[in-house]
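Below is one structure, written out as structure tokens; the observations come after it.
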Amino acid sequence: MSAKKKALLISKLKTGIPGFDFLAGGGLPKGRTTLIAGTAGSAKTVIAVQFLAEGVMKANEGGVFVTFEESPADIRRNMSGFNWDIEKWETEGKFAFVDASPELGDHAVVVGEYDLGALLARIENAVGKVGAKRVAMDSLGAIFIQFADSATVRHELFRISSALKQMGVTAVMTAERNEEYGDISRYGVEEFVADNVIILRNVLEQEKRRRTMEILKFRGTSHQKGEFPFSVMPGEGIIVIPLSALELKQKTSEIRITSGNRELDNMCGGGFFRDSIILISGATGTGKTLMVTEFIAGGANNGEKCLLFAFEESREQLFRNATGWGIDFEKMEKEGKLKVICQYPETAGLEDHLIKMKQVITDFKPNRLAVDSLSALERVSTIKSFREFVIGLTSFIKHEEIAGLFTSTTPTLMGGTSITETHISTIADSIILLRYVEMYGEMRRGLTVLKMRGSRHDKDIREFTIDGKGMHIGKPFRDVTGILEGSPRHAVPAEMERIGALFQADAGEG
Amino acid sequence: MVDKFILKLYITGQTPKSGRAAVNIRRICEEELKGRYELVIIDVLERPQLAEDEKILATPTLIKELPPPLRRVIGDLSDTAKVLIGLDIQPYTHPKGKEEVRNERQEESVTNQQAENWYSRL
């Protein structure tokens, strides 16, 4: 690229807000003003403060916060929950407030023409004082309330945004919206600071709040399009989850690991791949949690670290179950090979679950991860959030080269699939089905490896039993058909032979 | 007892609005508060910290610090009657009739040219 062409390109300022810079194609357009619009409670003030806080903490860049709404004292207090010590930064000369918040009973009489020259002078003064590279103004709606003459205010805001540009600072301005899907902002603010617009949403969907961020436009430069979920985490601030922006470029591994069950390993052609995603699907009571337990025991016995997220059973139940199958979770935990986290799915939104799970994974660095069950999480979210959660989690653990085992409960006892499967089945590298098989007034259990990416596998539907030592996989159900569709029928040997002959041409290893 | 008025006018540099406001407030003070006022004109471009301390956003802004209550008037102060109401000052009853005073005031209303002249003297 020629030097001239390079100079024309708009450079970006890395904000440091987790996940955001990825969406923004590197950061906010440098030296420009970006409008952040959102409804009440969409975390506008948080992102405005975080923009400055990350600058101070990560890039040692000074910041100026112009507040039209809350007093500086309120902001200092409200933001301390995110571990942002604004007061300290102020004394260190890295952070300055320009307090333009209205005071109680402070109403001025307007006589004749005026402008906001004093505000601009104060901003310039503050920028100079802390050597600011970043400026945040929150929120523009409040200044329109303070001054009745919107035309003047609009003109003055335009003047301020041009002045900021001349000072070479990168700025964000927040503005209110009335509806989640409607006009960009109240007072038509976007029309004069319209170079860049970001929209924050806080949509109520099936009784659940879902926060998303959308970069509507970055004039003259690229960004990711569409809505991306984000979460406001205590002690950290905003974390954006750039899901659909993920790239499918994980490495693959040829190394096999044990499923914890020798017979199942044989069915899978020697075990699971080390960085694969395995989905276990079955009705309630078919033995999913047992497979999870064996998967963990198999790992721990090889000296691997295992992490279990349980959303259905308590710690005590899980440990007792494991003991019932001859596996000692307590010992594994003492040896540091196992970490069990039990939680009701309802305790948080899926975005929050995802962020917390990623944090635990990053801290614990497991070789194996099991989630029991995904269906429980599906219960607390919308389909869209759930899909994003699944993609977010699986791509993350693949990237970390962790084997992941997920369970999914089918809604019906016999046969059937669940929504969980439709979302994860294409992502899963291996799918194992556990099914009830009703024969002559008896419930028996069947297991089959439906899919095993990149490997030969056993295609039989095999019967298995569960006893005090765990799972035992036996012979295939040779004379039963219709197990997967949920209506097993006993087939006569003669009929089997006839059907077998029909497929003779395709016989052999599939 | 005569209260002393302390007035502060915040302006931004040499803009027509700033000039008009300064001329207007000087005239109003001379007419209504002669001998019992103190007027300070502050250019926020030179002393931004003072604007910060007083939380001034708009210019021109006139603040009546004393006597209480504190009052703020924003704008170029082009309407004397409104300014007086805004500052909570009872208009001084002129020896001449009301009509006459109003006419005189209209003649006095400041043009931009005058404001600039005033500035060059400052």
Side-chain angles (χ1 to χ4, degrees), chain A residues 64-73 90 93 96-130 132 137 140 142-157 159-160 163 167, chain B residues 8-25 27-28 41-64 68-89 109-110 112 115:
Chain A
V64 169
F65 195 86
V66 186
T67 174
F68 296 115
E69 213 165 5
E70 294 173 76
S71 70
E90 281 178 290
F97 276 107
V98 171
D99 181 7
S101 62
E103 269 176 51
L104 207 65
D106 174 34
H107 60 97
V109 179
V110 175
V111 182
E113 288 174 37
Y114 60 91
D115 55 40
L116 299 181
L119 174 61
L120 179 55
R122 287 167 62 188
I123 295 173
E124 282 173 331
N125 178 42
V127 166
K129 217 163 57 183
V130 300
M137 301 172 76
L140 299 187
I143 197 168
F144 281 93
I145 295 167
Q146 281 191 57
F147 297 97
D149 182 3
S150 333
T152 301
V153 175
R154 216 171 271 145
H155 177 262
E156 289 301 301
L157 286 174
R159 197 157 69 106
I160 289 171
M167 285 184 258
Chain B
K8 286 185 178 164
L9 178 67
Y10 291 83
I11 54 166
T12 36
Q14 306 194 12
T15 65
K17 275 194 279 279
S18 300
R20 284 203 300 275
V23 171
N24 285 329
I25 191 59
R27 179 177 48 72
I28 292 167
I41 295 181
I42 297 156
D43 185 345
V44 298
L45 295 186
E46 283 164 18
R47 313 195 62 184
Q49 196 54 48
L50 288 180
E52 188 64 51
D53 298 342
E54 276 298 324
K55 293 184 65 177
I56 308 284
L57 296 183
T59 42
T61 293
L62 177 67
I63 294 185
K64 182 191 76 169
L70 190 101
R71 296 282 169 171
R72 284 178 180 231
V73 179
I74 290 169
D76 62 10
L77 312 175
S78 51
D79 184 330
T80 306
K82 271 195 183 170
V83 174
L84 293 178
I85 294 167
L87 292 177
D88 209 10
I89 297 172
S109 80
V110 189
N112 280 351

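In the text below, chain A, chain B and the rest are named by the order of the sequence lines, each starting its count at 1. Both backbone and side-chain heavy atoms feed into the values below; hydrogens, waters and symmetry mates do not.
Evaluation of the side chain to side chain contact (heavy atoms under 4.5 Å, CB included) rule for B:K82 yields A:V111, B:D79 as partners, not counting sequence neighbours. Applying the side chain to side chain contact (heavy atoms under 4.5 Å, CB included) criterion to B:S78, with sequence neighbours excluded, gives B:N24, B:D76.
The closest side-chain heavy-atom distance from A:E156 to A:I143 is not below 4.5 Å.
If you measure heavy-atom distances from A:F97 to chain B, the contacts under 4.5 Å come from the backbone alone.
No other option in A:A118, A:A126, A:G112, A:A121 has as many heavy-atom pairs under 4.5 Å with chain B as A:A118. The candidate with the highest count of non-hydrogen atom pairs below 4.5 Å against chain A, out of B:V44, B:I56, B:V73, is B:I56. Taking A:E113, A:E124, A:R122 one by one and counting their heavy-atom pairs under 4.5 Å with chain B, the maximum is reached by A:R122.
Side-chain contact, B:T59 with A:D115: a donor N or O sits under 3.5 Å from an acceptor N or O.
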